[in-house]
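What follows is a set of notes on a single structure, which appears directly below.
Computed over heavy atoms, backbone and side chain alike; hydrogens, waters and symmetry mates excluded.
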Amino acid sequence: MAARLEHGHFNPYARDDSSGVVETAYRAAFANTRIAGKAGNFEHLEAGSVSESTNPFKFINEFYEANADLLCPRSRDFNDVKSMEDSVNGYNESAQAVVKGLQALSQLHPFITVAVGAFVVVITLDLSRRDNDRKVHAIKLQMQDLMTIFFELRHVHNSQEAAPDGFTIADRLGSLMITIAKDVKACGSACDAYLKKNLLAKTVKAAKYEARLSDFVTTFSDHRQKLEMAFALHTTLGVDAANAKLDRHGAALQSIEEKLDMIALFRKLDTPREREIQKFIEEHGGVKACLNNDELLEELIVKTGESFSRIAGRDASKRSNDLPSIRKRLLKELMEDVDETFARNMVLFERKLDMQSKQLTETIQSESDHIINTLLSGAHDRIIDPDLQKIWKDMGWKGSVKARHFVLALHDYYTDKLSKHNSDPPTVDRGSLAVMPPPPRQPRSAQSAVFNMRRQDDKWALAYINAAYVQPILEAVDDDGTGFVSVKEVNTFVASRPEGWSLPTWIAYWAVGMSSYLPFQCRLSYLIVSRTGWQASISHYKSKIYGLVQMMFQTLEHVLPSNRRAVDEYLFHPSFWRIELLLRSTRSSSSKILSDPDLARITEMYTTAEEERLDMSLQDVNYELDTTGTVSLITGEGRIERYVFPLIYLLLRRHLKVMTLGCKHVLDTEELATLNESLVSVLLLVDDRVQNLEAVFKQTHLDVQARLGNFAFGIFQLSYGDIKRVPIQNSFATWVDEDENTTKEVITPLLIKAKISRIPLAILKYGIQDGFQSTDYFEFEPDRLRWSSHPIQGTWTGHCSRTEGSEVTTYVLRISLRLSADQKQIIGKGEDFGNTFSLAGRISRTRTGYDFEFALVEDDELSRTASGHLDTLTNTITLSWSDRRQKENPEEPYYRPIQMRKTPPSLLRYRYTPQRFSEDPVRARWAFACSAALHLAQERLWSRRFFEARFRERKRFVELSTRALIVTMGLTPQKPLTSIENGELEHLRRDLNPSEARFYQALCEFEIQKLPWHPAWGCDWCERRITKCRVLCIQCMAEDLSDNIDLCAVCMDKSPSKRGFTHDISHDMVKVEETLHDFHFAQVVESARATINRVKGIFRTIESSTSLDAEHAHAKRTSLVEDTRQEPTCVCCNRRVSTPCWACVICQRDTFVCIDCDARRLKSMPNGPSPGHKLNHSLIKVRDASIAGADATTEERLSILQQRLVSMEHKMAFSLAAIDAKVEERLANLEHRIEQRLATFEANSELRFDTMEAVLRQLVAQTAALPSAYAQVVKEQLQRKSLPPTPATSPRWFYNV
């Protein structure tokens, strides 16, 4: 037998050269229903009905006994850390044994197929992962322990036999099998989603993830208990025996439940790094505190050991610039509901399970015809193809053979076979496949392309199976590159051929496809037709990928500004320059290859069918390749170099459609980041393949780099070793299709519009984001609440405060409440200027009103709750918030009581304060009533003044909030708010309706999203993230353009010294307004250097002419104008420019922009010197006319120095004269204004003195007449009333009258 015997029985785990084949055959022997037809119906087999050697129950029992330590159900002690770690570490081995045993057992008892099938595909998919987690393994161990209970069925020979109660075990467990299958899939999806998170995301949200995952352990434990009870009840031991067994199992389960504490186990399985991170978070105030502090967040990321770029979801070179993106992603992760995450992942996971199940089924079917022979025969009998089987047998080969010997024997065999039928030597027969029909549109198999063609005479193909083609055939068959061909590799190669193809045809395809290794004289007679064979196929895809990338950069010019940042980060992702390395290192096929048109035709057919197969598989997973395991599911068996180019082409074609939709619709910021993940998964498999080849090639003591250059047309050569981004070598922009029949498509707005109409929006994972999602409060309108008169129902508003950074922000809070249908709970919605929320709680009656409390639905990890009291006398609510942070920050304004009233949110701005009300209640109420009535009247009448006021508020809120957000996010350039502007923004937040404020806040974030971002760059001076314009020094730049000095617009005149560069402000600087991709980088730098040299020459000529006499200067100027065809004038203001200024790098003719127009962002004049100039064109700074660099000679330097001195002298004289004139003008104006002021003062003084004198005279006269008038009045009163002549209170001056 192929497998050795151990301890007197068959052991399928025996390790020898053919162990893999035996394991596969054994799995197929008990996994294919077709075997039942040969060996009899397993369900009705009884002891003795078949021979001992073919009794399937005997095999199952032997397999179980041989692997009893892996398959026996056990109760695990979760307190024994060492035991659990051993179990977790041995997970892969035990899982494989359980899968093999359950596959065989399910054929004996088909009713468990549903549950076993789900378990097998989940575990098979899990075993293919590159990354795994011990906590996930602990969960899967519980799943595995559940499934091992099924081995109790090895004692049951007939699952259709009824128990004493009249039920069969299949009837008893049918519904439970469906439930187990569903829970197994759900667990697999949850673990898959958990594993795709980075370490920091998993750690900061560990409590929620672990709590949700531990629920599966409880579920599996319940299922296990039900199975054990069912098996015990079904045994023929009688009721008493069954009860005794149930008692034992019950005690065992009770013991398990007492020990089962998965959360505690998770803590024990934490890695030292995870423990350190958790301790750091606890010591620094929790997750939110660490995320909101830049220093703590940066230290936290360092502790994870992961790169900043991976956590941020993009490539970046400076840590501090990634922190805002990392914080945003982690906060979003915290707010995301775990169940929603698992449910969203379940859609993709089920698709992967379907593909995995389909592949397992096809593998089983393809191997089923060779089961018996495989178990009992020699090595050659395990080969599928009869020709190869005969060769293997005649040569006496065992499990493997040297690849070169295999190819030569293959050549000799077919040569001898041909000579028996035809004495002529093998020649190419062009008519051999002339009657072959065209390929079908849809492939039927996931493993091979289907071609409806008759088998033809293979004489034409034998011409390609000779010594000249040894190397390409060797690489086609030798998958692992070891130089040896095994039985498994031969069968894999044969099984991968298209249906209907003979083996010689399949070998000929690979022989010619790989023939680029041969000397030219060996291939001369065959090199005519192109795009055939594997090399022609990958050359074809290479051209198509280049074309797609170029089309992407054309489409980039038409993408909406709101999507530009996401698309830029997608195109700047490292996956793109990794793809460029694969393309550049792959040797293209010659323009003439393969003279045989028949071979060219079948090559084209095979390529088309393979592309259709891959496309259909990608559609099954919605083009989302989240892991390398998913990529393997898509491609099937075979080396990644066979599929990498078609796969990348199909992915990029899909991604281009998403980009095209971005020209019309606003996309979610995560949409394109997900697309990068698919490319990364493919490239990770490429890295694995390179590592495997490196290990093989090193064993032969060869130069690995050189060997990779000759392997698979050098596709991996540039992907080996210390690879890095080298923009100067990037070939995306310089590539030109050599096919003369290919026309390059020019992307225009009309073409994009036509394409968008044909692209379904369903290809977007997150949908379009064109609109703002407002909150609907229709259910809380008074008309909708008339069915109940409860006082708490309705909309309540008040002012709430919270600390943001170092400042306290006060804003309007809105909460709308209503009672549930049973009037026992309250439900509602709420919002502020930042977010919305839903709530649910309960309410109770008190003596003075109602007490209530509620919690926010789908809240983040803070678990925010609120409690309050409704005072029915004053109709006010006193509300207090609380969450987990309250104990750490009890003085936080957010936790202070809030007074809320039923004032409409838009009218709260007019409501009086308690202080105003206490001073004058009537006036306060009247002012509120009048203002509110005026507001409502203007709103209903659509008053222009009303809308103008709202427009001003919106514009001001967005402007101030955007500037504040830029500072908060660490972007540059910044314009911080003044204290007055901060007060104005605070006033707007206090006044605005929360719905309006939230919309304005969304507009602010949208403005930030539309900013021109520069991925992966930060300012080398202020170290902030650069937006708007980026300034590059073309002198402080590496030769390969991989590094340079970057500055923002604010720090343009600074001189940083970093990374070996010493920057000086006199260096030539290029300013770019948009992301400078590697696609354009080399071209822009080269054009900038040429432009600055040419422009400086113009200005040097102009400067030198100023020192000559007028006649000579005029002649020089005339010559200059003839040479340059224009005066150096600004394209924006049409005025003459002088240094310093800007010169355009993009425009064909010399285009200048003065400093003032550039600062004011003026557009070019339509009738100016360069009407086609745009604001997003790259500009180079022309500081002076000097020659920079080492190219200038000593005489040139002296001449330039003289010119600069003359120029400086003229500029100095002109500046001094201008200053003198300005000083004299200002002094004259000052003297004139002083004289005017003095004259005005004199005139006003005289007028005032005269007026004062007149007033004094009038006062004196009136005073003098007063005593006599008073005396006369008194005298008259005395005479009339006979009163005493002089009152006692009369003034003293009265007696003198």
Side-chain angles (χ1 to χ4, degrees), residues 27 30-33 43 71 73 94-128 136 139-154 156 159-160 167-194 212-231 234 339 342-364 620-621 629 633:
R27 180 179 71 248
F30 297 105
N32 191 356
T33 57
E43 297 182 19
L71 303 181
S94 62
Q96 292 175 7
V98 173
V99 165
K100 294 178 186 298
L102 288 177
Q103 283 180 318
L105 190 65
S106 64
Q107 296 304 310
L108 301 178
H109 301 288
F111 76 93
I112 69 172
T113 302
V114 176
V116 170
F119 175 77
V120 168
V121 293
V122 168
I123 295 300
T124 304
L125 193 63
D126 187 58
L127 293 176
S128 65
V136 171
I139 300 293
K140 297 289 180 66
L141 279 174
Q142 305 307 308
M143 182 196 302
Q144 180 179 307
D145 289 345
L146 164 65
M147 302 305 295
T148 56
I149 299 298
F150 286 117
F151 285 107
E152 295 294 325
L153 292 173
R154 73 187 187 277
V156 179
S159 57
Q160 298 300 326
F167 290 96
T168 66
I169 193 169
D171 296 335
R172 197 185 309 279
L173 297 178
S175 59
L176 183 58
M177 294 300 100
I178 298 175
T179 304
I180 291 176
K182 181 180 178 181
D183 291 336
V184 166
K185 291 181 180 179
C187 178
S189 174
C191 293
D192 181 68
Y194 177 75
R212 187 65 184 86
L213 292 175
S214 63
D215 291 342
F216 289 108
V217 176
T218 305
T219 301
F220 294 147
S221 178
D222 293 341
H223 291 332
R224 178 174 174 175
Q225 182 178 5
K226 293 176 183 178
L227 288 173
E228 290 183 330
M229 292 178 65
F231 292 159
H234 193 76
D339 289 330
F342 290 168
R344 187 167 56 249
N345 187 74
M346 188 66 184
V347 178
L348 176 62
F349 189 73
E350 285 184 335
R351 293 172 178 172
K352 293 194 291 185
L353 290 182
D354 292 340
M355 295 182 64
Q356 182 71 58
S357 178
K358 184 178 179 182
Q359 290 188 8
L360 288 174
T361 302
E362 291 182 350
T363 302
I364 291 169
D620 290 340
V621 297
L633 285 177

I need the Ile180 CD1 to Met143 CE distance, nearest 0.5 Å. 11.5 Å

When you look at Cys187 and Phe220, which way does the side-chain contact (heavy atoms from CB on, under 4.5 Å) test go after all the steps? CA-CA 10 Å; Cys187 178; Phe220 294 147; 3.7 Å; yes

Going by side-chain contact (heavy atoms from CB on, under 4.5 Å), Val120 matches just one of Val99, Thr113, Val184. Which one? Val99

Which value, rounded to the nearest 0.5 Å, describes the distance between Met147 atom CE and Ile112 atom CD1? 7.0 Å

Is there a donor-acceptor pair under 3.5 Å between the side chain of Ser189 and the backbone N or O of Ala186? no

How far does CD1 of Ile178 sit from CG of Asp183, to the nearest 0.5 angstrom? 12.0 Å

Intermediate values then yes/no, side-chain contact (heavy atoms from CB on, under 4.5 Å), Phe119 and Leu146: CA-CA 10 Å; Phe119 175 77; Leu146 164 65; over 6 Å; no

Hey, what do you get for CZ (Arg224) to OG1 (Thr148), rounding to the nearest 0.5 Å? 6.0 Å

How would you list, by chain and number, every residue that makes a side chain to side chain contact (heavy atoms under 4.5 Å, CB included) with Ala181, sequence neighbours excluded? Val114, Ala118

